[in-house]
Amino acid sequence: MDDINLHYRFLNWRRRIREIREVRAVRYQERYKRMLKNGDTLSYQGNSDEVGCYVAPRPLSKGNCYFEVTIMDTGVRGTIAVGLVPQYYKLDHQPGWLPHSIAYHADDGKLYNGNPVGQQFGPKCNRGDRIGCGIYADTFDAGLVTVFFTKNGKEVGSVVVPVAPDGLFPAIGMHSLGEEVRLDLQAEWGSEEDDSVMMVDSHEDEWARLYDVRASGTLLEYVGKGKSIMDVGLAQARQPLTTRSHYFEVEIVDPGEKCYIALGLARRDYPKNRHPGWSRGSVAYHADDGKIFHGSGVGDQFGPRCFEGDIMGCGIMFPRDYVLDCEDEMDDWDAADVRPKQGRVENLLYLNDEDEEEGDDPEQEHEGRKVMVFFTRNGKIIGRREVVVPAGGFYPTIGMLSSGEKVKVDLHPLSG
């Protein structure tokens with residue numbers, strides 16, 4: 001009899017151990033509904049009438065107190081919410097709508113704190129923006145904690161909320177077709193102003209347009225979907241090339257999946273979803289195949305392919321009498337003589353007299369004049385192409401198209 005009792009006690013012990021393991025497995029399992037999860041990417045899979053929601057497997061803690069979401073696509077309405085919820089939150093409600101949850105909503109910039117009616121909180125968020133949410137680990141006190149939200153690394157605001165017994169879990173909500181985000185549950189954030197933050201502020205002013213590209217100081221990073229040729233990320237400088245600043249360079253920091261990186265010149269109103277060189281009023285050297293594209297989607301063999309660590313350059317050899325209409329209005333350009341840095345491309349500011357076209361009339365309209373555009377690779381000229389300057393001038397333009405691509409840009413490598 002004792003042997004039988006011992007046997008049943010053993011079986012009961014094994015059953016309890018199995019149940020505990022199953023409970024732990026469920027406890028640390030992510031939950032989502034009407035969403036497709038592919039790696040760290042979440043995309044809405046509903047019909048825009050029903051909410052889709054994702055809840056992370058583990059709550060925020062003192063050791064892991066912050067996470068971020070990058071908006072890859074705002075879809076039809078951009079109804080993306082980022083916040084914290086209880087573990088078993090109802091997945092057919094946006095974070096922040098139900099009690100014990102809180103969320104920052106991208107479409108209206110409102111904070112929803114356990115209520116379907118939000119309060120104005122911060123700016124709206126769009127494609128390419130990063131929304132962060134975290135807790136101040138030193139504020140745990142009698143079941144309360146301070147939750148804060150960020151946009152692109154800068155704090156938007158904070159609020160004190162009660163902590164659910166099982167903790168506060170990172171959550172993302174979506175509510176319209178086409179919405180897609182990239183989730184980083186291991187993101188880090190610090191409130192101190194450092195040199196890198198200051199550098200970001202000082203360099204963002206150099207860009208007139210950043211579409212599916214994020215600027216961090218001199219670094220540009222592609223943040224688009226990279227699934228089709230319509231997902232081009234474009235960065236266009238605020239000022240065109242001029243006789244005072246006629247050359248710029250790009251270093252390939254990370255070629256990403258395909259190294260679909262293009263460097264060139266384009267008109268000011270160039271389409272945002274077209275690689276430089278593909279459409280009218282542009283010319284570009286493409287790193288992945290070494291071809292030059294000049295206002296056409298079909299390129300010509302031009303130079304070598306470019307890889308990680310390579311430096312691609314682009315410039316204009318202006319005729320001596322060339323003056324761009326807007327050049328005199330550019331107070332921020334340095335009027336000093338152009339001096340090349342050691343190891344860089346030689347200064348080709350002006351064409352040689354014998355290279356100038358005969359019959360050029362200095363009094364003619366400068367829009368439509370031809371200039372010689374040249375490209376370099378690691379400081380050596382690889383080729384030239386004669387092109388017509390569009391009205392308003394040629395603007396340094398960089399295109400990217402595959403996940404993970406990063407480049408470092410120097411818009412004035414020959415100055416100073």
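In what follows, every heavy atom counts, from backbone to side chain, and hydrogens, waters and symmetry copies are set aside. Nothing here was measured: the structure is a model prediction, and the numbers come from that model.
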| task | Before accepting this row, confirm whether a basic side-chain N of the pair Lys90/Asp92 lies closer than 4.0 Å to the acidic partner's carboxylate O. | result | no

| How far does OH of Tyr211 sit from CZ of Arg209, to the nearest 0.5 angstrom? | 10.5 Å

| query | What's the spacing between Glu30 CD and Arg58 CZ if we round to 0.5 Å? | reply | 10.5 Å

| request: Decide yes or no for Val161 and Leu144: does some side-chain heavy atom of the first lie under 4.5 Å from some side-chain heavy atom of the second? | output: no

| message | Is the shortest side-chain heavy-atom distance between Tyr285 and Arg377 below 4.5 Å? | response | yes

[X] versus [Y], closest heavy-atom pair with distance:
X: Ser48; Y: Arg77; result: O-NH2, 3.3 Å
X: Lys151; Y: Pro123; result: CD-CG, 3.7 Å
X: Gly128; Y: Val223; result: CA-CG2, 4.1 Å
X: Pro413; Y: Phe248; result: CD-CA, 3.8 Å

| field | Arg182: salt bridge (Lys or Arg N to Asp or Glu O under 4.0 Å) partners, not counting sequence neighbours | value | none

| query | Should we say atom NZ of Lys272 is surrounded by more than 12 heavy atoms from elsewhere, each under 6.0 Å from it? | reply | no

| note | When Asp73, Thr41, Asp231 are each screened for side-chain hydrogen bond (donor to acceptor under 3.5 Å, both in side chains) with Lys225, the one that passes is Asp73

